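It should be emphasised that the depicted structure is a prediction, and the values quoted were computed from it without experimental measurement. Just follow the structure's listing: the first ligand is 1, and inside any ligand the first atom is 1. We're numbering straight along the sequence, starting at 1.
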Amino acid sequence: MIMQRVCVIGAGSSGIAAAQVLQARGVEFTCFETGSAVGGNWRYDNDNGMSSAYRSLHINTSRQQMEFASFPMPADLPDYPNHAQIAAYFDSFVEHFGLREHIRFQTEVTSVRPLPDGGYQVDTRSTVDGTERSETFRAVLVANGHHWDPRWPEPAFPGADNFTGTQLHAHHYRTPDILTGKRVLVLGFGNSACDIAVESSRIADRTLLAFRRGEYVLPKYFFGRPTDTLSSPFVTRVLPMFARRWLLGAFLRLKLGKMSDYGLPEPDHKLFAAHPTVSEDLLSRLGHGDIQIRPNIARFDGDTVHFTDGASEPVDVVVYCTGYRITFPFLGEDMVKPVDNQIDLYRRIASVDHPGLYFIGLLQPLGAIMPLAEAQSAWVADLLDGTTTLPAPDAMRRSITDYNNAQRKRYVASKRHTIQVDFHPYMHELKRDRRTTSRRH
Ligand SMILES: NC(=O)C1=CN([C@@H]2O[C@H](COP(=O)(O)OP(=O)(O)OC[C@H]3O[C@@H](n4cnc5c(N)ncnc54)[C@H](OP(=O)(O)O)[C@@H]3O)[C@@H](O)[C@H]2O)C=CC1
């Protein structure tokens, strides 16, 4: 039997990007989605249970940066749309390209197994009536997202089990009413922590923001323009990293001063050495005294949180904004098992050991994922329709090692920095690959 079809797992922003590209390239495919709608993380209260979106969520990359190249966002949307506007955009993307009929909704992928003669067996289960099905595909594009499986502090803080207050992860946070009048502690210094601390600071009795490492808090605007529009393929080509670092550092100093001017510790790393923390509001909430800074949690005792500086105070609610684990429940551990979020893929897309297994949108860019997922899908489509081939496995492994070494040099060691890419250089790398008939190391 000749397997023609390709499987796409997930109909979030990356899955629908893949679907559009495959359809345009005439590659037959079926996309499976656990929930009843497209949009993944950007679908508030998604019935697939995997969205981490909270009611007040606005994207922190600009509309101009996040739109698909094949389908611009409506120009009347704000610079930083909210989740409902983004989900509506994805709905219209799917309608425009007629992709809905290729998406099998309310169908969970339970297992993906390689077949002895190539291709994959994909097992699914209907979330409506439990019907199970097995089908074969010549390739699998995994687009199940990486912001849905909450990472709780590892190891848990001593005494956490007996803490008498409420503990929740940012993944489960939806609306601020649960914080009203409470003594709230938000842990972490990523974008979830900033958004939730700011929201808490308006209604809680007291808001503490605790973290183990200082960050640069980037504003959403510079010179009246969304911050990420200051970068471009031209800028990243002509200015080396040290020059971009110097320039952004100078802009930041001019606009905001130093982080310590707001009572924050100065970061112990250079700019661009951590995933950007973007907030227009955090610094002013600190200035108003409505958020107070604390070091990391050391332990819990009843309703009291002890911090690493020896201080302690009573807290009612702890919101863990400690990031997410990269997991693939449908892939056997013998296939792909990220350890501490480390996953080795050629160009952050292709499995070396499992030909035909690709990952779309498994990236954390300095920029937005959506156009990169679209470009990755075109890169994969070249392989699927035979336009190009992959390099030899050894060359791919060398490339992966180079990438991992560069990551270690560039970024603060953290489980949140294993899949980072720079938007324009990565886009350029994919385009350069596509211009060659055989992918080189
Ligand atoms: N508006 C938007 O568009 C938003 C986008 N996002 C995106 O979602 C993704 C996830 O963001 P987020 O949820 O903030 O998670 P992140 O992984 O970005 O940040 C996790 C934070 O928790 C800290 N942390 C982890 N473990 C511990 C621990 N045991 N003790 C103390 N601190 C710990 C990390 O510190 P360390 O750095 O030291 O590891 C880091 O500060 C990011 O890509 C982010 O940009 C999130 C929210 C809003």
Worksheet item: Polar-atom distance check: N191 versus ligand 1, any N or O pair below 3.5 Å?
Response: yes
Practice prompt. Mark up the atoms of ligand 1 that fall under 4.0 Å of a heavy atom belonging to S414, in ascending order.
Written response: 36 (P), 37 (O), 39 (O)
Practice prompt. Before signing off on this row, confirm whether Y324 and ligand 1 have an N or O atom pair separated by under 3.5 Å.
Written response: no
Practice prompt. Taking atom NZ of K270 as the centre, report whether more than 12 heavy atoms of other residues, nucleotides or ligands fall under 6.0 Å from it.
Written response: no
Worksheet item: Is it the case that T175 and D177 place a side-chain donor and acceptor less than 3.5 Å from each other?
Response: yes
Worksheet, complete the sentence: The closest protein heavy-atom partner of atom 8 (O) of ligand 1 is H147 CE1, 3.7 Å
Worksheet item: What orientation do F93 and F71 show, parallel under 30°, tilted 30 to 60°, or perpendicular over 60°?
Response: perpendicular
Discussion item. I'd like to know if C321 contacts ligand 1, where contact means a heavy-atom distance under 4.0 Å to any ligand atom.
Written reply: yes
Item to complete: Give the residue, atom name and distance (to 0.1 Å) of the protein heavy atom nearest atom 3 (O) of ligand 1.
Response: N60 N, 3.0 Å
Discussion item. Between K431 and E374, is the salt bridge (charged side-chain N to carboxylate O under 4.0 Å, His left out) condition met? List the steps.
Written reply: CA-CA 12 Å; K431 283 189 178 151; E374 196 179 23; over 6 Å; no
Fill in: For D195, the ligand 1 atoms whose distance to one of its heavy atoms is below 4.0 Å
1 (N), 48 (C)
Worksheet item: Considering only heavy atoms of P153, which atoms of ligand 1 have at least one such atom less than 4.0 Å away?
Response: 29 (N)
Fill in: Within reach of ligand 1, part of N296 (heavy-atom separation under 4.0 Å)
side chain
Worksheet item: Going by the order shown, which atoms of ligand 1 are within less than 4.0 Å of some heavy atom of R213?
Response: 36 (P), 37 (O), 38 (O), 39 (O)
Worksheet item: Out of G188, G323, P365, who gets a non-hydrogen atom closest to atom 17 (O) of ligand 1?
Response: G323
Fill in: Mutual orientation of the aromatic rings belonging to F32 and F137 [parallel < 30°, tilted 30-60°, perpendicular > 60°]
perpendicular
Item to complete: Measure the distance from atom 26 (N) of ligand 1 to every protein heavy atom, then report the residue, atom name and distance (to 0.1 Å) of the closest one.
Response: R212 NH2, 3.5 Å
Worksheet item: Using 30° and 60° as the class limits, which term best fits the ring planes of Y320 and F157: parallel, tilted or perpendicular?
Response: parallel
Worksheet item: If you measure from each heavy atom of Y54 to ligand 1, is any distance below 4.0 Å?
Response: yes
Worksheet item: Hey, what's the ring geometry for W379 with Y346, parallel, tilted or perpendicular (30° and 60° as the breaks)?
Response: tilted
Worksheet item: Nearest to atom 16 (P) of ligand 1, what protein heavy atom do you find, and at what distance?
Response: R416 NE, 3.5 Å
Fill in: Per-atom contacts of ligand 1 with Q364, taking only distances under 4.0 Å to non-hydrogen atoms
9 (C), 42 (C), 43 (O)
Item to complete: Show which atoms of ligand 1 fall inside a sub-4.0 Å distance from at least one heavy-atom site of I59.
Response: 3 (O)
Response to the item:
Under 4.0 Å from one or more heavy atoms of H58, ligand 1 contributes atoms 1 (N), 2 (C), 3 (O)
Item to complete: Return yes when atom CD of E266 has more than 12 non-hydrogen atoms of other residues, nucleotides or ligands closer than 6.0 Å, and no otherwise.
Response: yes
Discussion item. Could you work out, for atom 11 (O) of ligand 1, the closest of G190, S192, P150 by heavy-atom distance?
Written reply: S192
Worksheet item: Does at least one non-hydrogen atom of F189 fall below 4.0 angstrom from an atom of ligand 1?
Response: yes
Worksheet item: Which ligand 1 atoms are under 4.0 Å away from a heavy-atom of L57?
Response: 1 (N), 2 (C), 48 (C)
Worksheet item: With distance as the sole criterion, is a donor-acceptor pair present between the side chains of Y358 and Q376 under 3.5 Å?
Response: no
Worksheet item: Relative to each other, are the rings of F29 and H102 parallel, tilted or perpendicular (30° and 60° limits)?
Response: tilted
Worksheet item: Mind checking whether F300 and F163 have parallel, tilted or perpendicular rings, split at 30° and 60°?
Response: tilted
Worksheet item: What about W42: any of its N or O atoms under 3.5 Å from an N or O on ligand 1?
Response: no
Worksheet entry | Pair N60-Y80, side-chain donor/acceptor within less than 3.5 Å | no
Discussion item. Pairing donors with acceptors under 3.5 angstrom, does anything connect the side chains of T207 and S201?
Written reply: no
